[in-house]
Asks: 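Handing you this structure, nothing more for now.
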Amino acid sequence: MISNRPLLRVKDLEISYYHKPIVQNISFELFAGEMVAITGPSGCGKSVTAHAMVGMLGDRWKVTKGQMIYNDQIINFLDEKEWQRFRRKEISLLIQESLNGLNPIRTIKKQMVETLRLRQKWKSKELEEYLHSLLNQVGFSHPNLILSSYPFELSGGMRQRILLAMMVSMKPKILIADEPTTALDAINREKVLTLLKKLQKDYQLTILLISHDQQSINKYANRIIQMNAGGVTS
Ligand SMILES: Nc1ncnc2c1ncn2[C@@H]1O[C@H](COP(=O)(O)OP(=O)(O)OP(=O)(O)O)[C@@H](O)[C@H]1O
């Protein structure tokens with residue numbers, strides 16, 4: 001069920017690089033439980049906006065105007081430690097580069113266990129069962145095979161689904177997926193988007209999908225936000 005109170009409000013946001021405004025007039029709201037797509041021409045500021053929402057703008061970037069309000073709290077001014085906590089518990093960002101974020105010399109199991117231990121202490125049997133259920137949820141019917149694999153042994157689509165499982169295990173309220181399917185072939189693209197839709201339903205997860213793929217957006221999103229060089233028009 002989609003709530004009628006916004007979980008996140010972005011109000012008249014301006015983001016600058018070296019004090020020069022690059023992205024301006026960004027205003028939109030996200031409601032709990034919906035999947036919203038942001039689309040717009042290349043370079044209009046979709047990724048920069050997504051990074052601002054999780055406190056991951058680079059050194060020379062700054063939010064110079066406007067507000068980001070999450071659950072009635074202004075989050076513009078969180079410090080790095082607070083952002084880290086925020087990214088684990090509230091809003092997670094899945095970006096193409098996160099695929100490289102999987103450590104190539106560690107098995108999937110080691111990496112998943114590390115992530116899960118960030119959230120809570122586990123007894124080993126429970127941990128094992130939870131790992132299996134997470135991998136089942138993202139569509140793997142032979143979790144043991146996946147857990148003993150190294151990232152290079154898996155396809156891009158499989159790695160994407162593992163990252164999603166790891167993010168979901170942190171139980172964020174909002175997941176921002178920035179072009180999650182661009183590097184994938186049509187079959188894997190469909191798998192990842194179907195999975196996002198399932199996670200939205202199963203966990204009441206709010207999803208912000210940044211995508212150029214109009215067909216997928218129309219098929220999967222509850223609502224579309226159109227961004228352009230002048231900001232957000234919806
Ligand atoms: N590291 C950077 N240094 C300087 N300018 C940058 C940097 N990253 C992005 N920009 C600029 O910021 C603007 C917004 O870029 P952004 O990547 O957010 O666009 P986008 O809408 O996500 O594009 P795409 O759809 O191609 O991913 C663009 O004008 C881009 O050139």
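Both ligands and their constituent atoms are indexed starting at 1 by order of listing.
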Asks: Kindly state each residue pair satisfying side-chain hydrogen bond (donor to acceptor under 3.5 Å, both in side chains) with at least one member in residues 162-179, sequence neighbours excluded.
Replies: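 Every side-chain hydrogen bond (donor to acceptor under 3.5 Å, both in side chains) pair that includes a residue of residues 162-179, provided the two are not neighbours, is Ser47-Asp178, Glu179-His212.
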Asks: Just wondering, do Tyr203 and Gln137 contact through their side chains at under 4.5 Å, heavy atoms?
Replies: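 They are in side-chain contact.
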Asks: Side chains of residues 56-66: which donor-acceptor partners sit under 3.5 Å, not counting sequence neighbours?
Replies:
{"unit_1": "Arg60", "atom_1": "NE", "unit_2": "Tyr18", "atom_2": "OH", "d": "3.1"}
{"unit_1": "Thr64", "atom_1": "OG1", "unit_2": "Glu14", "atom_2": "O", "d": "3.4"}
{"unit_1": "Thr64", "atom_1": "OG1", "unit_2": "Glu14", "atom_2": "OE2", "d": "2.8"}
{"unit_1": "Thr64", "atom_1": "OG1", "unit_2": "Ser16", "atom_2": "OG", "d": "2.6"}

Asks: Salt-bridged, Lys219 to Glu190, with N to O below 4.0 Å?
Replies: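 Salt bridge between Lys219 and Glu190, a charged N being under 4.0 Å from a carboxylate O: yes.
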Asks: Quick one: side-chain hydrogen bond (donor to acceptor under 3.5 Å, both in side chains) pairs with a partner in residues 142-158, sequence neighbours left out?
Replies: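 Of all non-adjacent pairs touching residues 142-158, those that pass side-chain hydrogen bond (donor to acceptor under 3.5 Å, both in side chains) are His132-Asn144.
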Asks: Tell me the residues surrounding ligand 1, counting only those with a heavy atom closer than 4.0 angstrom, sorted by chain and number.
Replies: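 The answer is Tyr17, Ile22, Pro41, Ser42, Gly43, Cys44, Gly45, Lys46, Ser47, Val48, Trp61, His212, counting any residue whose heavy atom sits under 4.0 Å from ligand 1.
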Asks: Can you list the steps and then say if Arg85 with Glu90 is a salt bridge (Lys or Arg N to Asp or Glu O under 4.0 Å)?
Replies: CA-CA 8 Å; Arg85 187 203 150 275; Glu90 314 296 344; 3.5 Å; yes
